[in-house]
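This structure is a prediction, so every number in the text was calculated from the model and none was measured.
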Amino acid sequence: QVRLRESGGGLVQPGGSLRLSCAVSGNSVSRYTMGWYRQAPGKQREWVATLTRSDSADYADSVKGRFTISRDNSENTVYLQMNSLKPGDAAVYYCHANLDYWGQGTQVTVSS
């Protein structure tokens, strides 16, 4: 059974950085298109970034140039490096594998 576990969320000031991790168990992370979504209170879940099996990355316009998705096959983990964070980035961040498997989410708070 494939399981995903996010970590790395927390409280950061505007302009700061965080790196989220998504550890995959039960299968190899290299077999999947991986991605991140986020959901802020009272809002729908929105797409953030995708990394295909061939390591082609795509980003929502709202995070392009600030966020970077990457994969470490040896660690079986996907990362989301988030720089220049804004209050509007605050949300629960979820990773997925092929949109079939999801983690439980990790909270990101951006506040001074």
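Inter-residue side-chain proximity for Thr50 and Met34 is flagged as unmet; no heavy-atom pair is nearer than 4.5 Å. Taking the side chain as every heavy atom from C-beta outward, Leu51 and Thr33 never approach each other to under 4.5 Å. By the 4.5 Å heavy-atom criterion applied to side chains, Asp55 and Arg71 are counted as neighbours. At least one side-chain heavy atom of Arg38 sits less than 4.5 Å from a side-chain heavy atom of Val63. The shortest distance between side-chain heavy atoms of Tyr32 and Val78 does not fall below 4.5 Å. Side chains of Val48 and Leu80 form a contact here, defined as non-hydrogen atoms less than 4.5 Å apart.
Side-chain atoms of Thr52 and Ser54 form a donor-acceptor pair, as typed in the model, at a separation below 3.5 Å. Between the side chains of Ser30 and Ser28, at least one donor N or O lies within less than 3.5 Å of an accepting N or O.
Here the CG atom belonging to Asn27 is positioned 14.0 Å from the CZ atom belonging to Arg3, to the nearest 0.5 angstrom.
Other residues sharing the hydrophobic cluster of Tyr79, ordered by chain and number and joined by side-chain separations under 4.5 Å: none, the residue standing alone.
For the pair Ala40 and Ala90, the tightest heavy-atom approach, listed with the atom from each and the gap, is CB-O, 3.7 Å. When every heavy atom of Arg53 is checked against every heavy atom of Arg31, the shortest pair comes out as CD-O, 3.3 Å. For Leu4 against Cys22, the heavy-atom pair with the smallest separation is CD2-SG, 3.7 Å.
Among residue pairs with one or both ends in residues 30-63, none qualify as disulfide bond (SG atoms under 2.5 Å apart); sequence neighbours excluded. Among pairs with a residue in residues 91-112, those fulfilling ring-ring contact (aromatic ring centres under 6.0 Å, His included) read Tyr37-His96, Tyr37-Trp102, His96-Trp102, at least two apart in sequence or across chains.
The cluster map of Ile, Leu, Val, Met, Phe, Trp and Tyr, joined by side-chain heavy atoms under 4.5 Å apart, puts Val110 and Val92 in different clusters.
Here Ser74 pairs with Asp72 under the side chain to side chain donor-acceptor pair (under 3.5 Å) rule; sequence neighbours left out. When the salt bridge (Lys or Arg N to Asp or Glu O under 4.0 Å) test is applied to Arg66, the partners found at least two apart in sequence or on another chain are Asp89.
The number of heavy-atom neighbours closer than 6.0 Å to NZ of Lys64, taken from other residues, nucleotides and ligands shown, is above 12.
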Identify each donor-acceptor pair in which a side-chain atom of residues 6-20 lies under 3.5 Å from a protein atom, sequence neighbours left out, and give them as a table.
from: Glu6; atom 1: OE1; to: Gln104; atom 2: N; distance (Å): 2.9
from: Glu6; atom 1: OE1; to: Gly105; atom 2: N; distance (Å): 2.8
from: Glu6; atom 1: OE2; to: Cys95; atom 2: N; distance (Å): 2.8
from: Glu6; atom 1: OE2; to: Gly105; atom 2: N; distance (Å): 3.3
from: Ser17; atom 1: OG; to: Asn83; atom 2: OD1; distance (Å): 2.9

